[in-house]
Amino acid sequence: MSGFAEFIAVNIDCPEPPALAAFYAAVTGAEVTYDTPEAAAVKLPNGLDVYFQGVAGHRPPTWPEGERPQQFHLDFYVDDLDKAEETVIGLGGARPQFQPGGDRWRVLTDPAGHPFCVCLRQS
């Protein structure tokens, strides 16, 4: 079966689009391609786009439980989980206490509180 639509981007609600675009650009080596107080965008090295949309009163997910579920998360391959975690924390992200991935992946959060996973690159 052939599809009729081409996936071009994912949009992420957040309180400060430029800050979140800069965070993901630093994490992935992406290029910030649009940057205003209301919206920002990055183009990932693989050509995909991630857009950041400002939302007044944004409240981060309460992962892994709570009144505001994560609703989505992004996954990234890395070569070293500890180094990835250290870099993310240095960029303003965090590591939640709950870690279901063992030594295969790690859950981290971006500065706006969105959970994402760094997964060991498959050889």
Side-chain angles (χ1 to χ4, degrees):
M1 177 180 212
S2 177
F4 67 92
E6 179 182 357
F7 179 80
I8 60 166
V10 62
N11 288 270
I12 299 175
D13 291 348
C14 62
E16 297 179 38
L20 212 54
F23 172 83
Y24 281 106
V27 166
T28 64
E31 175 189 357
V32 176
T33 57
Y34 185 76
D35 186 356
T36 71
E38 297 81 27
V42 297
K43 182 166 288 295
L44 300 173
N46 64 7
L48 294 176
D49 292 304
V50 180
Y51 302 147
F52 305 94
Q53 175 178 299
V55 173
H58 177 267
R59 294 174 30 199
T62 51
W63 186 86
E65 300 174 349
E67 65 184 56
R68 292 181 311 281
Q70 70 175 334
Q71 299 175 358
F72 75 92
H73 75 270
L74 304 174
D75 291 334
F76 300 94
Y77 276 138
V78 298
D79 294 318
D80 183 312
L81 294 175
D82 292 331
K83 184 172 181 174
E85 177 181 332
E86 179 182 327
T87 301
V88 164
I89 290 171
L91 292 168
R95 176 187 174 164
Q97 184 174 0
F98 181 64
Q99 292 292 324
D103 59 356
R104 297 179 306 153
W105 76 83
R106 196 158 297 159
V107 179
L108 302 171
T109 58
D110 66 26
H114 302 110
F116 66 92
C117 293
V118 290
C119 308
L120 281 177
R121 188 178 314 279
Q122 305 297 311
S123 305

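Values below: all heavy atoms of this structure, side chains included; hydrogens, waters and symmetry mates excluded. Residue indices begin at 1 and follow the sequence shown.
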All N/O donor-acceptor pairs, side-chain side in residues 21-28, below 3.5 Å, sequence neighbours left out:
unit_1 : atom_1 : unit_2 : atom_2 : d
Tyr24  : OH     : Asp110 : OD2    : 2.7
Thr28  : OG1    : Tyr24  : O      : 2.7
Thr28  : OG1    : Ala30  : N      : 3.2

Below 3.5 Å, can you tabulate the donor-acceptor pairs from side chains in residues 82-89 to any protein atom, sequence neighbours excluded?
unit_1 : atom_1 : unit_2 : atom_2 : d
Asp82  : OD1    : Arg106 : NH1    : 2.9
Asp82  : OD1    : Arg106 : NH2    : 3.3
Glu85  : OE1    : Arg95  : NH1    : 3.1
Glu85  : OE1    : Arg106 : NH1    : 2.9
Thr87  : OG1    : Lys83  : O      : 2.9

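Cluster annotation: Tyr51 and Leu48 are assigned to distinct hydrophobic clusters (Ile/Leu/Val/Met/Phe/Trp/Tyr, side-chain heavy-atom contacts under 4.5 Å, transitive).
Among residue pairs with one or both ends in residues 13-33, none qualify as salt bridge (Lys or Arg N to Asp or Glu O under 4.0 Å); sequence neighbours excluded. Residue pairs meeting the salt bridge (Lys or Arg N to Asp or Glu O under 4.0 Å) criterion with at least one partner in residues 113-123, sequence neighbours excluded, are Asp79-Arg121. Sorted by first and then second residue, the salt bridge (Lys or Arg N to Asp or Glu O under 4.0 Å) pairs involving residues 49-59 (not counting sequence neighbours) are Lys43-Asp49, Arg59-Glu67.
For Pro18, the side chain to side chain contact (heavy atoms under 4.5 Å, CB included) test picks out Asp35, with sequence neighbours left out. When the ring pair (Phe, Tyr, Trp, His ring centres under 6.0 Å) test is applied to Trp105, no partner is found at least two apart in sequence or on another chain. For the side chain to side chain contact (heavy atoms under 4.5 Å, CB included) test, no residue two or more places apart in sequence or in another chain qualifies with Asp103. Under the ring pair (Phe, Tyr, Trp, His ring centres under 6.0 Å) criterion, Phe72 pairs with His114, sequence neighbours left out. Residues satisfying the side chain to side chain contact (heavy atoms under 4.5 Å, CB included) test with Pro96, not counting sequence neighbours, are Trp63, Gln99, Val107, Thr109. Evaluation of the side-chain hydrogen bond (donor to acceptor under 3.5 Å, both in side chains) rule for Asp75 yields His73 as partners, not counting sequence neighbours. Among residues two or more places apart in sequence or in another chain, the ring pair (Phe, Tyr, Trp, His ring centres under 6.0 Å) test is passed with Phe7 by none.
Smallest separation of non-hydrogen atoms from Pro60 and Gly113: CB-CA, 3.8 Å. What you find for Pro17 and Gly54 is that their closest heavy atoms are CG-N, 3.3 Å. The two residues Pro61 and Pro69 have their closest heavy-atom pair at CB-O, 3.8 Å.
Here Leu81 contributes atom CG and Leu120 contributes atom CG; the two are 4.0 Å apart, rounded to the nearest 0.5 Å. The NE2 atom of His58 lies 9.5 Å from the CD1 atom of Ile12; values are rounded to the nearest 0.5 Å. From Phe116, atom CZ reaches atom CG of Leu74 across 8.5 Å, with rounding to the nearest 0.5 Å.
Using a 4.5 Å heavy-atom threshold, the side chains of Leu108 and Val118 count as touching.
Heavy atoms of other residues, nucleotides or ligands lying less than 6.0 angstrom from OH of Tyr34 number 12 at most.
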